[in-house]
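Each chain gets a letter, A, B and so on, in the order the sequences are listed, and its residues count up from 1.
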Number of protein chains: 4
Amino acid sequence: MLSQDKRNLLIQRRREEILDAAKLVFARNGYRRTLTDTIIAELGVGKGTLYKYFRNKKTLFLAVFYRGMQQLREVIRVKIEPITDPRQKIINGVRTYFEFFDNDKELIEIIMQVRSEFKDEYRQNFLEMYNDYIGQIQQNLKNGIALGQFREVDIEKTADAISDILQGTLQSYYILKANEKLADKTQAVTALLLKGVLKISNEASAQSRELQI
Amino acid sequence: MLSQDKRNLLIQRRREEILDAAKLVFARNGYRRTLTDTIIAELGVGKGTLYKYFRNKKTLFLAVFYRGMQQLREVIRVKIEPITDPRQKIINGVRTYFEFFDNDKELIEIIMQVRSEFKDEYRQNFLEMYNDYIGQIQQNLKNGIALGQFREVDIEKTADAISDILQGTLQSYYILKANEKLADKTQAVTALLLKGVLKISNEASAQSRELQI
Amino acid sequence: MLSQDKRNLLIQRRREEILDAAKLVFARNGYRRTLTDTIIAELGVGKGTLYKYFRNKKTLFLAVFYRGMQQLREVIRVKIEPITDPRQKIINGVRTYFEFFDNDKELIEIIMQVRSEFKDEYRQNFLEMYNDYIGQIQQNLKNGIALGQFREVDIEKTADAISDILQGTLQSYYILKANEKLADKTQAVTALLLKGVLKISNEASAQSRELQI
Amino acid sequence: MLSQDKRNLLIQRRREEILDAAKLVFARNGYRRTLTDTIIAELGVGKGTLYKYFRNKKTLFLAVFYRGMQQLREVIRVKIEPITDPRQKIINGVRTYFEFFDNDKELIEIIMQVRSEFKDEYRQNFLEMYNDYIGQIQQNLKNGIALGQFREVDIEKTADAISDILQGTLQSYYILKANEKLADKTQAVTALLLKGVLKISNEASAQSRELQI
DNA sequence: AATGAATGAGTGTTCATTCAT
DNA sequence: AATGAATGAACACTCATTCAT
């Protein structure tokens with residue numbers, strides 16, 4: 001009889017193995033086209049084992065997603081939260097976000113699948129991330145404005161827009177399966193976020209009053 | 001007996017009716033959860049009729065999608081292509097894009113579904129739109145730079161980033177089902193695209209060289 | 001296009017065919033051991049057809065049961081209800097009940113299966129039959145007593161006991177698969193119900209007061 | 001190290017504990033719906049232990065049943081066999097039978113389950129009980145007739161009918177889950193068995209010849 | 001041309017039983 | 001002797017598509 005500790009360790013390890021195999025197969029085939037048979041074949045375990053660890057296919061799939069989101073949160077917490085300079089925070093935030101997904105491309109597929117297959121679950125998770133993520137962007141904008149670095153933008157809407165450009169970049173990367181790395185887009189995205197396309201902001205700002213927005 | 005023309009007209013009308021009903025049901029339930037039975041119930045025709053007009057469920061779904069994309073292209077062609085001033089083109093482009101989807105929210109759902117269910121078909125369509133859409137953004141950036149309005153940005157990557165922010169905005173709108181209109185985001189998105197968040201671009205630009213990007 | 005009437009007729013006929021095949025297979029193998037595949041093989045139709053007519057296996061099984069109970073009720077209504085003489089009603093009632101099941105032995109199996117697999121559904125049906133069945137036995141006892149034919153028995157409990165002897169006979173017949181007919185038991189059962197085993201009731205009755213009951 | 005005797009005693013005790021837990025769970029949920037997991041949870045032992053004592057679920061279930069039948073036989077042997085007066089034997093037999101099941105209601109559920117799930121095993125057991133049970137009823141009828149207490153009934157069929165009324169009473173009690181005790185039915189059942197419903201047997205007997213049986 | 005009854009391939013999930021520790 | 005993690009055979013049910021009328 002194994003000690004309880006050893007047993008728990010093995011169970012935990014097995015759980016992770018299942019999540020790894022499932023992530024691989026779900027990312028390759030999509031949620032619907034993935035057969036539980038394919039996952040267990042990948043794993044080399046019996047079907048009962050799968051169902052011992054996860055109640056059903058949906059639960060397994062969402063567990064893969066939640067684990068990924070947890071890992072993203074952790075990276076944000078470690079690499080981005082400590083940064084205090086608002087400009088630097090945007091720059092590093094964008095790069096870190098992109099690098100995270102460069103290192104875990106399967107997770108992009110998983111996220112896209114969750115969005116369309118389990119919109120409710122995705123929405124809830126998305127809202128939960130507001131604190132760690134959009135909330136932080138908002139705070140960063142506030143800090144930048146207070147320090148005189150940033151223009152007095154509409155904080156909420158601008159934070160949304162910044163979040164959206166990241167999501168959108170991920171999305172188009174997912175669709176086009178570009179061979180380049182996401183992180184290669186850091187420069188262009190960051191420059192756009194920080195400086196926009198206009199040559200001289202102030203002047204542009206003056207002129208834009210004449211423009212019909 | 002109807003004349004051939006009249007018959008064709010009727011057939012065309014019936015085809016549109018089917019697409020309308022299918023769009024409604026697909027948007028409401030998603031592609032997978034939509035039953036052909038639900039579509040014909042919405043239509044009030046027999047199942048054979050559906051299959052007379054569309055080879056299968058997938059074809060019908062993609063036809064709904066293609067029709068929507070065609071309509072978007074048409075709007076872009078009429079409302080955006082004629083604009084020559086680069087700044088104005090960005091501003092109006094964003095607004096027009098958002099207003100188009102405010103007027104056809106079901107299409108947002110359809111697009112999101114196509115993306116995850118039929119990635120290949122979506123990719124192909126996406127690439128086809130490059131000429132009308134990303135290609136136009138690139139041309140606009142070139143024009144703006146030539147006219148001295150825009151900074152000398154990396155045209156391809158910046159165009160991608162602009163496209164991504166629109167896609168991302170659509171995406172987050174889709175997820176959060178915000179009650180506000182998409183068009184309400186025009187100001188914030190446009191300001192970000194044009195001016196970025198930095199207070200004084202040139203100065204910021206100078207400083208950013210010190211920043212680690 | 002078939003007329004609506006003709007269509008309904010065909011649907012009704014098909015429904016009955018399915019019930020017949022299902023009764024055969026359920027009676028032969030029992031509810032649990034019956035595969036839907038076996039039923040459709042017996043029928044020679046596709047599986048979808050089965051599920052078009054009956055929502056699931058349980059519904060189909062209970063439909064077989066309910067149809068049988070309906071037929072029993074009908075036989076009781078036609079052959080037993082009209083009888084007015086209390087003694088004759090008991091005699092004919094027992095015989096009719098036994099003959100009904102001699103003519104539909106599969107139904108005995110179905111009833112036994114329902115009892116143990118779907119006790120709740122059986123109980124409800126049993127209670128519903130009280131009006132047509134136990135209620136009638138009670139009324140018959142009352143009439144017999146009023147006419148001076150019957151002793152002044154406890155009507156409710158005696159009616160239950162009469163019902164129980166019929167159920168029990170069915171039950172033991174089911175278990176022992178006797179080759180003889182149920183109806184052959186009519187004489188013995190009826191004699192017991194009417195006269196008991198004692199030689200002279202009155203005397204016995206007197207004596208039985210001394211007995212410890 | 002335990003002595004062989006002590007070990008055997010422990011094994012025997014453990015076996016009884018398993019049977020007790022299994023009876024409880026089988027009676028509560030029925031054979032099919034009972035999971036071996038539920039039984040071991042009730043017991044607080046591992047699954048391997050269960051299978052050490054009983055080859056499989058069916059064997060365990062039938063062991064519960066056989067133990068109950070054995071106990072019934074023992075009660076009959078002790079309480080009924082010694083009775084010599086035929087009338088008293090019927091009266092006490094019915095009461096003893098009912099009281100036995102009042103004291104072990106779970107066994108009623110077990111018996112009903114065995115009947116429909118393992119008809120063959122039940123039939124065999126039923127036949128084995130003929131000697132102790134139906135055989136005894138037949139002998140009692142013979143004795144009653146010889147003593148002049150009982151009418152000259154068809155011994156086999158009447159014995160069957162008497163057995164059937166007991167089975168049927170058990171059955172309807174099982175279905176209706178009456179709150180009253182089975183033993184409360186003794187009077188009505190016994191009266192029916194002994195005296196029937198007719199007021200004056202002899203006269204009735206005469207008249208019944210005119211009746212169509 | 002329109003209908004809708006019939007089809008049947010495809011798949012997630014359960015749970016009794018085994019056996020390595 | 002006892003454990004409980006692992007097993008995998010078994011099976012009900014769905015729904016896009018067809019085709020006879």
Side-chain angles (χ1 to χ4, degrees), chain A residues 1-4 6-7 10-11 14 32-40 43-60, chain B residues 1-2 7 10-11 14 32-41 44-61, chain C residues 1-4 6-7 10-11 14 32-40 43-60, chain D residues 2 7 10-11 14 32-41 43-61:
Chain A
M1 196 161 100
L2 290 168
S3 75
Q4 195 58 37
K6 211 160 189 176
R7 203 200 300 286
L10 283 174
I11 287 178
R14 173 57 56 99
R32 293 282 175 171
R33 269 164 306 198
T34 292
L35 308 187
T36 53
D37 275 330
T38 309
I39 296 172
I40 62 158
L43 267 169
V45 301
K47 202 174 274 194
T49 303
L50 192 68
Y51 281 87
K52 187 161 193 75
Y53 284 82
F54 298 94
R55 191 165 56 264
N56 52 34
K57 188 181 163 185
K58 175 179 173 179
T59 299
L60 172 58
Chain B
M1 196 161 136
L2 292 167
R7 202 199 303 282
L10 282 175
I11 287 175
R14 170 59 55 99
R32 293 283 174 174
R33 272 167 303 204
T34 291
L35 311 185
T36 53
D37 275 330
T38 310
I39 296 172
I40 63 156
V45 302
K47 203 172 273 192
T49 305
L50 191 68
Y51 279 85
K52 179 134 204 92
Y53 284 82
F54 297 94
R55 189 156 20 94
N56 53 34
K57 186 182 166 185
K58 176 179 172 180
T59 300
L60 171 59
F61 180 62
Chain C
M1 196 162 102
L2 290 168
S3 75
Q4 195 59 38
K6 210 159 189 178
R7 204 200 298 286
L10 284 173
I11 287 177
R14 171 59 54 100
R32 294 282 174 171
R33 268 165 306 198
T34 291
L35 309 188
T36 53
D37 276 330
T38 310
I39 296 172
I40 62 159
L43 267 170
V45 302
K47 199 174 278 193
T49 304
L50 191 68
Y51 281 88
K52 188 160 194 75
Y53 285 82
F54 298 93
R55 191 166 52 262
N56 52 35
K57 188 181 163 186
K58 175 179 173 179
T59 299
L60 171 59
Chain D
L2 292 168
R7 202 198 305 282
L10 282 175
I11 287 176
R14 170 60 54 98
R32 293 284 174 173
R33 272 168 303 204
T34 291
L35 310 185
T36 53
D37 275 329
T38 309
I39 296 172
I40 62 156
L43 268 170
V45 302
K47 203 171 274 193
T49 305
L50 191 68
Y51 279 85
K52 181 132 203 93
Y53 284 82
F54 297 94
R55 189 155 21 90
N56 53 33
K57 187 181 165 186
K58 175 178 172 181
T59 300
L60 172 58
F61 181 62

Next item on the list: Measure from CD1 on Ile40(D) to C1' on dC15(E) and round the result to the nearest Å.
Entry: 12 Å
Next item on the list: Send over the distance from Ile39(D) CD1 to dG4(F) P, rounded to a whole Å.
Entry: 17 Å
Tabulate below the donor-acceptor pairs under 3.5 Å that side-chain atoms of residues 49-56 of chain B make, not counting sequence neighbours, or state none.
| unit_1 | atom_1 | unit_2 | atom_2 | d |
| --- | --- | --- | --- | --- |
| Asn56(B) | OD1 | Lys58(B) | N | 3.3 |
| Asn56(B) | OD1 | Thr59(B) | N | 2.8 |
| Asn56(B) | OD1 | Thr59(B) | OG1 | 2.7 |

Item checked: Heavy-atom side-chain proximity of Ile39(D) to Leu60(D) below 4.5 angstrom -> yes
Notebook entry, point to check: For DNA chain F, which ranges pair as stems of 3 or more consecutive Watson-Crick or G-U pairs, with both donor-acceptor distances under 3.5 Å?
Noted result: E:2-21 with F:2-21
Checklist line | Point-to-point distance, once rounded to the nearest 0.5 Å, from CG of Asp37(B) to CD1 of Ile40(B) | finding: 5.0 Å
Notebook entry, point to check: How does protein contact run along nucleotides 6-13 of chain F, one letter per nucleotide 5' to 3', with B for base contact, S for sugar-phosphate only, - for none, heavy atoms under 4.0 Å?
Noted result: SBB--SBB
Next item on the list: Indicate the atoms forming the closest heavy-atom contact of Lys57(C) with Arg32(C), along with that distance.
Entry: NZ-O, 3.7 Å
